[in-house]
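Structure first, commentary second.
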Number of protein chains: 2
Amino acid sequence: MKFRTSPDILPPRGHPAKRQSIIDAAAAVFCREGFAGANIDLVAAEAGVSRQTVYNHHGDKEKLFAAVVADITERCNARAFSVLSTFPDNPEDLEADLTVFAMRLNKSCIWGRDGRFLAKLIHAEGERHPELFETWRREGPGRVWSALAARFARLAFAGHLDIDDPDLAARQFLALVNVDLHIPWLFGETLSEEEQSASAARAVRTFLRAYGRKCEVAANALEEVHEA
Amino acid sequence: MKFRTSPDILPPRGHPAKRQSIIDAAAAVFCREGFAGANIDLVAAEAGVSRQTVYNHHGDKEKLFAAVVADITERCNARAFSVLSTFPDNPEDLEADLTVFAMRLNKSCIWGRDGRFLAKLIHAEGERHPELFETWRREGPGRVWSALAARFARLAFAGHLDIDDPDLAARQFLALVNVDLHIPWLFGETLSEEEQSASAARAVRTFLRAYGRKCEVAANALEEVHEA
DNA sequence: AACTTTTTAGACAGTCTTGTCTAATTCGTC
DNA sequence: GACGAATTAGACAAGACTGTCTAAAAAGTT
């Protein structure tokens with residue numbers, strides 16, 4: 001209910017393996033039940049640990065929650081950056097390569113455990129406790145997005161794209177990639193591999209219609225117009 | 001914890017005004033605190049009503065929650081349809097008209113009380129209790145989106161747009177309109193009027209770059225290419 | 001093997017919440 | 001004003017949960 005004082009995370013004590021297993025279990029429980037509904041006994045049981053050990057490691061429920069957020073944030077950002085490093089800087093077939101990249105992004109950051117958990121935690125507590133997610137905002141959207149924007153800018157500079165505002169293009173790319181995933185995601189449903197790749201392909205196609213090289217767009221358009 | 005049996009909503013009893021004020025208060029409390037964290041006494045106090053009256057009207061906490069979901073769903077869909085009726089069917093300046101439409105959509109469905117509440121409720125309970133939101137899925141995305149798609153299809157037929165898959169275009173339009181709003185939305189921040197309109201304008205510009213009439217796109221592109 | 005740290009099980013007080021019950025009061029309507 | 005329905009305040013039992021404490025067991029180290 002408070003988080004008033006700086007929500008320090010307790011310094012590592014005891015065995016790190018248990019510490020991590022507690023955080024993993026707590027993440028699952030907090031996401032399933034919400035902060036108020038989460039039960040420390042359940043966390044302990046799910047972590048295969050006694051309740052007292054949970055308290056030894058993390059002090060109290062709020063500190064445990066803060067530790068979970070920090071942990072998930074870190075892993076999520078790491079994963080995002082790792083996917084980012086597979087961006088097609090020298091594309092052979094830009095549309096195909098971007099589609100593959102979009103699918104990897106989906107798989108890692110949206111359907112992945114960490115991504116889902118982080119999103120749920122933010123939705124549940126972001127409004128009431130924005131402090132907890134400041135790290136994420138700084139490192140996540142703040143850095144990942146601008147890194148993606150830099151990649152797009154490079155593609156544009158190399159003549160593969162026509163982009164005036166790379167940051168905007170990056171955000172719109174991510175939004176388009178999410179279009180078909182959002183609703184199923186909300187209800188815990190999954191998309192088949194084919195659906196995912198079809199969705200990614202549609203997103204990339206639209207993105208390229210908007211940001212593809214002008215002369216190519218012009219050529220394609222003229223061609224189609226002539227046909228009609 | 002259950003919602004196992006069909007979560008019937010109690011038939012209206014007592015004074016409708018109080019009934020509604022209870023639902024309004026409950027909506028606010030459920031959204032702030034989550035289902036588990038919500039306190040019936042608090043709902044009663046916020047509604048200006050005694051606890052017993054809450055129970056008289058809505059049976060128990062779960063039925064109250066179901067009633068809140070039903071209420072918000074209905075109002076949210078009504079609002080969406082009402083905004084939809086302002087779609088620019090005979091646009092004078094397509095870009096400007098679509099931008100205004102996008103802003104109205106934002107104002108009504110995203111920043112509005114009902115929209116925020118519904119989104120939070122879905123995020124909090126959608127995975128655990130999808131039954132509760134089936135009405136929304138059927139009437140919301142299912143109907144509003146396809147209505148929007150129909151509007152786009154008409155614009156395309158009239159020669160204002162070049163769209164092969166109107167449903168997809170509608171979904172992508174909504175996604176683009178949301179790009180800049182999502183993060184601030186998560187943390188309860190608001191965007192100034194100017195920021196909102198700038199965001200809407202950017203979304204519409206990209207949308208039209210992707211779906212604008214081919215011959216116009218071609219003309220613009222050729223022009224720019226020639227300049228360079 | 002001796003010693004220290006960590007973990008465990010369980011009990012425990014204190015708090016909070018839900019949902020029910022009762023008796024008194026107010027409201028709406030005829 | 002009189003009557004029945006709706007509302008109120010408050011008490012209440014039953015249960016759940018947090019966070020602490022203790023004594024014993026287990027694990028890890030030298």
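Quick note on labels: first sequence line is chain A, next is B, and so on, each numbered from 1.
Residue contacts shown for A/Ala38 are limited to sugar-phosphate atoms, with no base heavy atom under 4.0 Å away. Using a 4.0 Å heavy-atom distance criterion, B/Ala17 is classed as making no nucleic acid contact.
Proximity of the aromatic rings of A/Phe87 and A/Phe152 is defined here by a centroid distance below 6.0 angstrom, and this criterion is met.
The separation between A/Leu64 atom CG and D/dG19 atom C1' is 13 Å, rounded to whole Å. To the nearest angstrom, C1' of C/dT6 lies 14 Å from CZ of A/Arg19. When rounded to the nearest whole Å, the span between NE2 of A/His58 and C1' of D/dG19 equals 16 Å. The CD1-P distance, from B/Ile22 to D/dA6, rounds to 13 Å in whole Å. The distance between atom OH of A/Tyr55 and atom C1' of D/dC21, rounded to the nearest whole Å, is 13 Å. Note: CG (A/Asp60) to P (D/dC17) measures 17 Å, nearest angstrom. A straight line from NZ of B/Lys63 to P of C/dT18 spans 15 Å, rounded to a whole angstrom. In this structure, the NE2 atom of A/His57 is 15 Å from the P atom of C/dT5, given to the nearest Å.
The side chain of A/Asp41 lies closest to D/dT18, out of D/dT18, C/dT18, C/dT7. Checking C/dT18, D/dA9, D/dG19 against the side-chain heavy atoms of A/Lys61 singles out D/dG19 as nearest. Checking C/dG19, D/dT18, D/dT7 against every side-chain atom of B/Asn56, the shortest atom distance belongs to D/dT7.
Between the side chains of B/Thr53 and B/Ser50, at least one donor N or O lies within less than 3.5 Å of an accepting N or O. With no hydrogens or angles considered, no side-chain donor-acceptor pair links B/Ser199 and B/Gln196 at under 3.5 Å.
Within the 4.0 Å cut-off from OP1 or OP2 of D/dT7, not a single side-chain nitrogen or oxygen of B/Ser50 is found. Contact annotation: B/Lys18 side-chain N/O to D/dT8 OP1/OP2 distance is under 4.0 Å.
Along DNA chain D, the nucleotide nearest to A/Asn39 and the one nearest to A/Gln52 differ in position, and the one closer to the 5' end is contacted by A/Asn39. Two residues, B/Arg51 and A/Ile40, neighbour DNA chain D, and the one matched to the more 5' nucleotide by heavy-atom proximity is B/Arg51.
Relative ring orientation between B/Phe173 and B/Phe207 is described as perpendicular, the plane-to-plane angle rising above 60° on a 0-90° scale split at 30° and 60°. Ring geometry for A/Phe65 against A/Phe35 counts as perpendicular: the plane angle is over 60°, on a 0 to 90° scale with 30° as the lower cut.
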